[in-house]
There are 2 protein chains.
Amino acid sequence: MKNPFSINSKIEICKNGECFLNARRVELLIKVHEYGSINGASRALKMSYQQAWHFLKHMNGLSPLPLVSISRGGVSGGGAAITDYGLKVIEEYKQISETMNEFTTEQSTKIEFCNF
Amino acid sequence: MKNPFSINSKIEICKNGECFLNARRVELLIKVHEYGSINGASRALKMSYQQAWHFLKHMNGLSPLPLVSISRGGVSGGGAAITDYGLKVIEEYKQISETMNEFTTEQSTKIEFCNF
DNA sequence: TAGCGATATTCATTTTTGTGAATAACCACA
DNA sequence: TGTGGTTATTCACAAAAATGAATATCGCTA
């Protein structure tokens, strides 16, 4: 008999009790890296520009080094670029996330209260 | 140097993509067991009666066996009691939760992007 | 110096979520 | 048959979160 229950763990990486990283925020960082702008990333994620902007500002504020560097004006109007440090953070988040998922999947198989 | 980042994992136990158990819901079950009524439990948790009632109904619906048995009328007006099966579920959730917490705490110590 | 395309910022509105209040229904017991 | 204390249910309203729209700002470039 298949276990109909699964453990779903949503991880956040926090600092001072505030959310620094979660799945959505990392997704945003990745899209910013892909599009080179907050605008493009927010549209791609169907997220409002304000929310994307707020998340990025908040993440940068909590981070020991900037994750994203933002510029205004200029030839292309400006844009946003993920820093080398930001790229490292993204990669490490992915690793942690995968490790956690493996563990929760393993734990899911041990649930006993489904045997009724 | 102390790592200022911590991993905060919120686990849900799901069935068919729906939330069956989480920290708040188990807390509710425990209070119902303590007070013997939905009313008492919801007040103790500063949760509206409707929400408590909704959670309990939903949990019972997803569960292979009832977690809580509810009665109306009678000498004391009625009440709610956690079943033996419900008690088992609570205990198992606590165990899973503790196991997950230990693992996330351990993972927290391995975060590298704080070293800057 | 005007235009472009992006960021920055504000605000009213919408959407979502939760709550309080009111009321009906239930049923053992006096 | 009435009382008491709970569950059951509905609904309008409140609080919170998210959004759309509008506008200002920036700085390179033609």
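For the numbers below, each heavy atom of this structure counts, side chains included, while hydrogens, waters and symmetry mates do not. Letters go in sequence order (proteins before strands), and every chain restarts at 1. Here the structure is a predicted model, which is why all the values come from computation and not from measurement.
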Are any non-hydrogen side-chain atoms of [X] and [Y] less than 4.5 angstrom apart?
{"X": "Asn39(A)", "Y": "Arg43(A)", "result": "yes"}
{"X": "Phe5(A)", "Y": "Pro64(B)", "result": "yes"}
{"X": "Arg24(B)", "Y": "Leu28(B)", "result": "no"}
{"X": "Leu21(B)", "Y": "Phe113(A)", "result": "yes"}
{"X": "Ile90(B)", "Y": "Ile30(B)", "result": "yes"}

Report yes or no: does [X] contribute a side-chain atom to a donor-acceptor pair with the main-chain N or O of [Y] at less than 3.5 Å?
{"X": "Ser37(A)", "Y": "Ala80(A)", "result": "no"}
{"X": "Asn3(A)", "Y": "Ser108(A)", "result": "yes"}
{"X": "Asn60(A)", "Y": "Val68(A)", "result": "yes"}
{"X": "Glu92(B)", "Y": "Glu112(A)", "result": "yes"}
{"X": "Ser63(B)", "Y": "Pro66(B)", "result": "no"}
{"X": "Tyr93(A)", "Y": "Ala23(A)", "result": "yes"}

Should [X] and [Y] be regarded as members of a common hydrophobic cluster, given that ILVMFWY residues are connected when their side-chain heavy atoms come within less than 4.5 Å of each other, either directly or indirectly?
{"X": "Tyr35(B)", "Y": "Val26(B)", "answer": "no"}
{"X": "Leu45(B)", "Y": "Ile38(B)", "answer": "yes"}
{"X": "Ile70(A)", "Y": "Val75(A)", "answer": "no"}

Discussion item. So if I take residues 29-44 of chain B and measure heavy-atom distances to DNA chain D, which residues fall below 4.0 Å?
Written reply: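 Ser37(B), Ile38(B), Asn39(B), in order of number.
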
Item to complete: Could you identify which residues of residues 12-20 of chain B place a heavy atom less than 4.0 Å from some atom of DNA chain C, listed by residue number, or say none?
Response: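 Heavy-atom cutoff 4.0 Å gives no residues at all.
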
Worksheet entry | Near-strand residues of residues 57-64 of chain B, defined as heavy-atom separation under 4.0 angstrom from DNA chain C |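 Close to the strand, none.
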
Response to the item:
Expected string for nucleotides 24-30 of chain D under the B/S/- scheme (protein heavy atoms, under 4.0 Å, primed atoms plus P, OP1, OP2 as sugar-phosphate) is -BBBSS-

Worksheet, complete the sentence: 5' to 3', nucleotides 14-19 of chain D under a 4.0 Å protein heavy-atom cut-off (B base, S sugar-phosphate only, - none) gives ----SS

Fill in: Residues Glu18(A) and Lys15(A) bridged, charged N to O under 4.0 Å
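No.
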
Worksheet item: Between which nucleotides of DNA chain C, 5' to 3', does chain A make heavy-atom contacts below 4.0 Å?
Response: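 Footprint of chain A along DNA chain C, 5' to 3': dG5(C) to dT10(C).
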
Discussion item. Closest-nucleotide mapping onto DNA chain C: is Ser76(A) or Trp53(A) further toward the 5' terminus? I mean the 5' end.
Written reply: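 The answer here is Ser76(A).
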
Worksheet item: So with a 6.0 Å cut-off around CD of Glu98(B), is the heavy-atom count from everything else above 12?
Response: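 No, because the 6.0 Å sphere around CD of Glu98(B) holds 12 heavy atoms or fewer from other groups.
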
Discussion item. Ring-plane angle category for Phe103(A) and Phe103(B), please: parallel below 30°, perpendicular beyond 60°, tilted otherwise.
Written reply: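 Parallel, since the angle between the ring planes stays under 30°.
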
